[in-house]
Amino acid sequence: MSRTREPGGDAPGSLVTPVLPRPGGRPWLVLPGWRQSGAHWTPLARWLTGSGVGLHAADLATAAARCDAPRGSLARTEEMAAALLAEPVAADAAIVVGHSAGTPLAALLAAALPGVAGLVLVEPVAAHFGAAPPRPPVLSEAVLAAGAGSLRRQYPLAAATTLRTIDAALRGQPRQAEDDPVPPTAATDVRRTERVREALVSARVPVLVVRGRASALLAAEHARILAGMAPKGRAVTLPDAGHSPHIDSPRATAAHLTAFAAEVAPHPPTHAGARLD
């Protein structure tokens with residue numbers, strides 16, 4: 001059934017907003033995880049200041065709310081991908097970064113955008129890529145916590161300053177659409193899994209898989225499998241992070257992302273606010 005859309009609501013430019021603006025540069029495009037937004041990437045953006053990197057985040061909740069296809073279906077994912085590809089900033093993206101439930105879209109967009117030089121999968125859900133059996137339909141405690149309660153409850157490993165930064169950014173955003181993208185443990189269409197898997201297996205760009213050692217959703221073995229599926233993939237584990245490394249350990253995550261971009265991007269970051277020691 002079709003949804004009622006507000007006039008101009010589907011106009012290009014309405015689904016991607018800057019987290020760290022850099023006019024005239026080649027931006028990094030972030031596909032946030034379930035019930036996250038660009039606000040959750042503001043702590044990491046702090047460590048990119050001065051690097052020459054522009055960071056833009058997609059509003060996947062709004063993109064999903066505009067879709068007519070069923071949740072978890074290939075058709076819905078293709079609808080969302082088409083809408084994001086129509087965004088002006090997407091064509092200029094140098095690096096595509098996906099987190100959790102946003103990683104399947106990240107893989108598809110990286111495959112479709114000829115200017116993309118690298119793909120980063122932060123805590124991808126192995127089952128979404130056919131690298132592990134699907135989880136039971138009952139959401140895990142970690143996933144439930146990610147959708148409810150205070151920021152401290154959602155991200156117990158994060159620093160207090162990080163949570164204050166996110167809280168301030170969230171206050172400046174409109175209320176998130178209720179029709180969220182598929183949560184990490186939800187079942188998905190087999191055809192969707194096959195399509196996403198193929199995008200990773202045939203990836204023409206280098207792929208970095210980022211895992212938090214304390215993650216309850218991505219095992220080290222599955223991170224290695226996912227990295228091995230890509231022709232030019234590798235995995236890294238952050239010791240002081242869980243399912244959201246960009247929140248639990250934003251400085252270290254920024255360091256790994258800028259080091260990766262320095263290797264693969266035609267116009268790499270000039271320098272990063274964080275370094276790999």
Side-chain angles (χ1 to χ4, degrees), residues 9-23 25-49 51-66 77 80-81 83-110 112-113 115-116 118-124 146-147 151 154-155 158 162-163 165-177 179-182 184 208 210 243-248 250 253-254 257-258 260-261 269:
D10 293 347
S14 63
L15 289 177
V16 178
T17 55
V19 178
L20 179 64
R22 183 177 179 252
R26 295 284 307 280
W28 294 2
L29 178 61
V30 174
L31 289 302
W34 187 56
R35 291 193 176 177
Q36 289 192 15
S37 66
H40 295 81
W41 286 81
T42 52
L44 181 140
R46 172 193 172 197
W47 295 106
L48 295 177
T49 302
S51 68
V53 171
L55 193 67
H56 289 66
D59 182 352
L60 298 189
T62 297
R66 295 176 181 175
T77 299
M80 293 177 68
L84 292 169
L85 288 170
E87 293 289 300
V89 72
D92 296 327
I95 304 290
V96 176
V97 183
H99 170 236
S100 189
T103 55
L105 273 171
L108 295 180
L109 263 60
L113 294 169
V116 168
L119 170 64
V120 180
L121 304 178
V122 180
E123 279 283 315
L151 287 173
Q154 294 174 47
Y155 310 109
T162 293
L163 298 183
T165 299
I166 295 173
D167 183 64
L170 286 171
R171 291 175 188 274
Q173 288 188 345
R175 183 183 177 88
Q176 192 177 39
D179 192 6
D180 286 334
V182 179
L208 176 66
V210 179
H243 186 56
S244 294
H246 54 292
I247 296 174
D248 298 332
T253 304
L257 266 58
T258 51
F260 175 70

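- Using bins of under 30°, 30° to 60° and over 60° for the plane-to-plane angle, the ring pair Trp41/His246 lands in the parallel bin.
- Between Ser100 and the options His243, Gln36, Glu123, a side chain to side chain donor-acceptor pair (under 3.5 Å) holds for only His243.
- The two residues Pro32 and Leu60 have their closest heavy-atom pair at O-CD1, 3.3 Å.
- Between Thr42 and Val19 there is a side-chain heavy-atom pair separated by less than 4.5 Å.
- Evaluated for a side-chain contact (heavy atoms from CB on, under 4.5 Å) with Leu29, the options Ile95, Val97, Leu109 yield exactly one hit, Leu109.
- In this structure, Ile247 and Thr162 approach most closely via the heavy-atom pair O-CG2, 3.4 Å.
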* To do: Could you walk me through whether Trp47 and Leu257 pass the side-chain contact (heavy atoms from CB on, under 4.5 Å) test, one step at a time?
  => CA-CA 11 Å; Trp47 295 106; Leu257 266 58; over 6 Å; no
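- Annotation: the span from Leu170 atom CG to Ser37 atom OG amounts to 5.5 Å, rounded to 0.5 Å.
- Distance CG/Leu20 to OG/Ser51: 7.0 Å, rounded to 0.5 Å.
- Across every non-hydrogen atom of Arg26 and Gly115, the tightest pair is NH2-O, 2.7 Å.
- A distance of 10.0 Å separates OG1 in Thr253 from CG in Leu48, rounded to the nearest 0.5 Å.
- Put simply, the side chain of Thr77 reaches to within 4.5 Å of the side chain of Leu105, judged on heavy atoms.
- For the atom pair NE2 (His56) and OG1 (Thr17), the distance works out to 8.0 Å, reported to the nearest 0.5 Å.
- When all heavy atoms of Ala110 and Leu119 are compared, the closest pair comes out as CB-CD1, 4.0 Å.
- Taking 4.5 Å as the limit, some side-chain heavy atom of Val30 sits within range of a side-chain heavy atom of Leu55.
- No donor-acceptor contact under 3.5 angstrom links the side chains of His40 and Gln154, judged on distance only.
- A pairwise comparison of heavy atoms in Ala158 and Leu163 identifies CB-CD2, 3.7 Å as the closest pair.
- In plain terms, the two heavy atoms of Ala106 and Leu121 that are nearest each other are CB-CD2, 4.5 Å.
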